[in-house]
There are 2 protein chains.
Amino acid sequence: MPQLCRARPSHALARSARKVIEVLGRMGDKWTVLAIAMLVERPRRFNELKRMIGGVSQQMLTRTLKALKREGMLTRTVYPTIPPQVEYGLTELGRSLSVPVTHLAAWVVEHLGEIETHRASYDAAG
Amino acid sequence: MPQLCRARPSHALARSARKVIEVLGRMGDKWTVLAIAMLVERPRRFNELKRMIGGVSQQMLTRTLKALKREGMLTRTVYPTIPPQVEYGLTELGRSLSVPVTHLAAWVVEHLGEIETHRASYDAAG
DNA sequence: CGGTATCCCGTTCGATACTG
DNA sequence: CAGTATCGAACGGGATACCG
């Protein structure tokens, strides 16, 4: 693990900063994390994902999946049936990413109450 | 830890999804992660952070720090000297967040080459 | 079914200038 | 030094309609 937790962690991060935040930015892409999370269990079809996530437009889901495929996070398998089927699944890279992402998501879930308390008191009093 | 890695992880995530992705979105906020990373070592002053991060506008850094303060991730200490000094430091909450964030950043650093390879071949051939 | 194309609005963000 | 104010440019992202 390229030293991030070593002597001067900030510098190690700063060095690869641009590229890292770019990829990290994708995690913030509203749907990326959810899409990955939905696929941890098993591969799923397009509309299946759309239903599960809920509130995502067809276009945004398409964009998200395409971006993830571009980065080698998931596979896209087309079954030339009628009507056509397209199945998305995590690659090994995507599966490996899902680990730290899940941990981060777990942290958020765990501390959500605390965060909202802070927000409330900040907004109320400053 | 509200079950995220249990039987049906996707559903557990989907339930708190909206709020989680909102907070997770902040991680994607271009500079949030970097700001947190820069403060892991020790508290720092505004322009010190600005210099370290590099490429961030004064306004965006202000916004980022304000948002993080609002969520209780960091403290803001004003020393009424002339010229004024303002020091930012991680709270316990922020420090606890820095753990999974650092892991995720480490994952990105570790797999950056792989990701870029995928992107290149995707862009070249499709 | 699983997309792509088009339009259009709100927000984001950088640059610049000004304040305490 | 550490902000706030204001202004455009760029982008994200929804709605809709159409294609293979």
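Order of the sequence lines sets the chain letters (A, B, ...), proteins ahead of strands, with each chain counted from 1.
The closest donor-acceptor contact from the side chain of B:R44 to the backbone of B:M38 lies under 3.5 Å. Judged purely by atom type and a 3.5 angstrom limit, A:R95 uses its side chain to pair as donor or acceptor with the backbone of A:V40.
Evaluation of atom-type donor-acceptor distances gives a pair under 3.5 Å for the side chain of B:Q58 against the base of D:dG3. Side-chain atoms of B:Q85 stay outside donor-acceptor range of the base of D:dA2, with no qualifying N/O pair under 3.5 Å.
Judged by closest nucleotide on DNA chain C, A:P84 is the one of A:T62 and A:P84 placed further toward the 5' end. Nearest-nucleotide mapping onto DNA chain D: of A:S57 and B:K66, the residue sitting toward the 5' end is B:K66.
Atom CG of residue B:D29 and atom CG of residue A:L24 lie 11.0 Å apart, to the nearest 0.5 angstrom.
Straight-line distance from the NZ atom of A:K69 to the P atom of C:dG3: 12 Å, rounded to whole Å. The distance from atom CG of A:L65 to atom P of C:dG2 is 11 Å, rounded to the nearest whole Å. For the pair A:E48 CD and C:dG3 P, the computed distance is 13 Å after rounding to whole Å. In this structure, A:W31 atom CH2 and D:dG12 atom P are separated by 15 Å, rounded to whole Å. Rounded to a whole Å, the CE atom of B:M60 is 17 Å from the C1' atom of D:dA2. Residue B:E87 contributes atom CD, which lies 15 Å from atom P of D:dC1 at whole-angstrom precision. For the pair B:L61 CG and C:dT12 P, the interatomic distance rounds to 17 Å; values are reported in whole Å. Rounded to an integer number of Å, the gap from B:Q59 CD to D:dT4 C1' is 9 Å.
Between A:R63 and D:dG13, a side-chain N or O to OP1/OP2 separation shorter than 4.0 Å is absent. An OP1 or OP2 oxygen of C:dG2 is reached within less than 4.0 angstrom by no side-chain nitrogen or oxygen of A:R76. Checking the phosphate oxygens (OP1, OP2) of D:dC1, no side-chain nitrogen or oxygen of B:Y88 falls inside 4.0 Å.
Heavy atoms only, all atoms of each residue included: A:R119 and B:E22 are closest at NH2-OE2, 3.2 Å.
In this structure, A:Y79 reaches neither bases nor backbone, as no heavy-atom distance under 4.0 Å exists between it and the strands shown.
In the set D:dG14, C:dG2, D:dA2, the nucleotide with an atom closest to the side chain of B:N47 is D:dA2. In the set D:dG14, D:dC1, C:dA15, the nucleotide with an atom closest to the side chain of A:K30 is D:dG14.
Connection of B:L39 to B:Y79 is not established within any shared hydrophobic cluster, with ILVMFWY side chains joined at heavy-atom distances below 4.5 Å, either directly or through further cluster members.
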